[in-house]
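First comes the structure, then the notes that go with it.
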Amino acid sequence: MKVLVIGKGGREHTIAWKVKESTVVKEVFIAPGNVGMEEIGTLINISEENIEALANFAEQKKIDLTIVGPESVLALGVVDEFEKRGLKIFGPTAAAAEIESSKDFAKKLMKRYNVPTGAYETFEDLTLAKQYIKKNGVPIVIKEDGLKAGKGVTVAFSKDEAIEALEMAFSIPGNKVVIEEYLDGFEFSIIALTNGKIVIPLEVAQDHKRAYDNDKGPNTGGMGVYSPVDKIDSKIIDETVEKILKPMALGMVQDGIPFKGFLFGGIMLTKDGVKTIEFNARFGDPEAEGILPRLKSDFVKAILDLMEEKEIQLEWDKRYTVAIVMASENYPKTSTIGVEIEIPKDLNSLVFHMGTRKSSGKLETNGGRVLSVVSYGETLEEAREKAYSDVKKIKCEKMFFRNDIGSKMCYNNKNK
Ligand code: AMP
Ligand code: GLY
């Protein structure tokens, strides 16, 4: 069969790589993809936002299954358009994808379905929002409504910081802001494959959202993950599925906005159990790079079975993975384009391209997050050491990475 993957980042590189392994797949197309994916499939020069053109391509090429990577494309209604034309596509409709594109919408659903999450209020007015901060104090979390690629969130530990975030948010006309209770605990990412009714959790990963070591600096789309997360045992996973993922999916079916695709929960393990920080309507990035290399089952068969309402069982590689993101200097503020990158041929790691291009035959940076370097290990420490050893062999003058991906847990492991 022929599969089309939509997107151009590290997540899509990993999805396409996994799709290519499937025994039922003959051809992989990626629109628009990036140079890192050239060996996996055929890159199609259609912008991911051009839904009409993507659907035309899928019709003409007789694509059997399309998998969508980015949230922006989902929010634009790619699934609605494909389904209108009778094309098979794995992802939520624009209405269901609102669980990510509107924090306010997601919070309302969580409240209605009794999904555990922090207390919150939504504001459209700066003065009222400031009063709420004065009343509730800090720490407190300010989230702009709308898609912000993980960057519209301020966890404020001082009132000044909170007020500054509010003023910034309300400087954009018509912006809505969710102000949320600060949740203290251990954060993890859980992504489930779902057709709305059946919810199959994948293995858990932990992201590192802040730009710099020791969780310093601004929030980013994610600077690295590891998987599995020992601290999140099967009991906690079951609790997350039963209290958070299933009620959300089943509630959305009942409300007539069924969610099909990758249902992503950003979860905080607090002293009162698991609570939802956010939902995303797609696979995580770099979560995909950490999780999918551990999947032993046929990814495409699993998706197809699920879409036909069949229960599926997934098999996992027991080894650990560590994925380290190499980003352009100044990310997430700015990104670098056109700086040469040299990747030695003899690396042991998998290298997924997040934002690269080729110019005169040379590989260059092309965006904020540039590469995701992934290694396996029998222990987390081994995976970590291998990944860092390869990261250090990749040459580029304008890239940085965090030095502590997975190290907090390595430390805990040692002291267990
Ligand atoms: P989000 O885009 O909602 O995932 O937020 C980005 C990051 O901010 C999360 O990954 C958390 O680390 C942090 N964060 C968001 N909401 C909260 C909260 N209510 N309590 C504590 N940290 C939060
Ligand atoms: N890495 C977090 C995300 O994809 O939202």
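What you see is a predicted model, and the numbers here were worked out from it, not measured in a lab. Just follow the structure's listing: the first ligand is 1, and inside any ligand the first atom is 1.
Relative ring orientation between Y388 and F401 is described as tilted, the plane-to-plane angle lying within the 30° to 60° band.
The ligand atoms of ligand 1 that sit less than 4.0 angstrom from a heavy atom of Y182 are 20 (N), 21 (C). If you number the atoms of ligand 1 from 1 as listed, the ones under 4.0 Å from a heavy atom of E180 come out as 16 (N), 17 (C), 18 (C), 19 (N). For ligand 2, the atoms closer than 4.0 angstrom to any heavy atom of R282 are 3 (C), 4 (O), 5 (O). In summary, the atoms of ligand 1 found under 4.0 Å from a heavy atom of K103, numbered by their order in the structure, are 1 (P), 2 (O), 3 (O). Each of the atoms 4 (O), 10 (O) of ligand 1 lies under 4.0 Å from some heavy atom of K209.
Contacts of K143 with ligand 1, taken as heavy-atom pairs under 4.0 Å, involve the side chain alone. Using a 4.0 Å cut-off between heavy atoms, L183 contacts ligand 1 through both its backbone and its side chain. With a 4.0 Å cut-off on non-hydrogen atoms, V225 does not touch ligand 2 at all. The proximity of D184 to ligand 1, defined as any non-hydrogen pair under 4.0 Å, does not occur for either the backbone or the side chain. Residue contacts with ligand 2, taken as heavy atom pairs separated by less than 4.0 Å, involve K209 solely via side-chain atoms from C-beta onward.
For a threshold of 3.5 Å applied to N or O pairs, the pair formed by G221 and ligand 2 contains at least one separation below that value. Checking only distances, E287 does come within under 3.5 Å of ligand 2, N or O to N or O. The distance criterion of under 3.5 Å between nitrogen or oxygen atoms is met by D207 with respect to ligand 2.
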Can you list, pair by pair, the side-chain donor-acceptor contacts under 3.5 Å of residues 164-174, counting residues two or more places apart and other chains?
| from | atom 1 | to | atom 2 | distance (Å) |
| --- | --- | --- | --- | --- |
| E167 | OE2 | K130 | NZ | 3.0 |
| S171 | OG | M168 | O | 2.5 |

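Residues meeting the side chain to side chain contact (heavy atoms under 4.5 Å, CB included) test with L250, sequence neighbours left out: none.
For K176 and D104, the salt-bridge test passes: some basic side-chain N is under 4.0 Å from an acidic carboxylate O.
Of the options E181, R210, E278, E100, the smallest heavy-atom separation from atom 4 (O) of ligand 1 is shown by E278.
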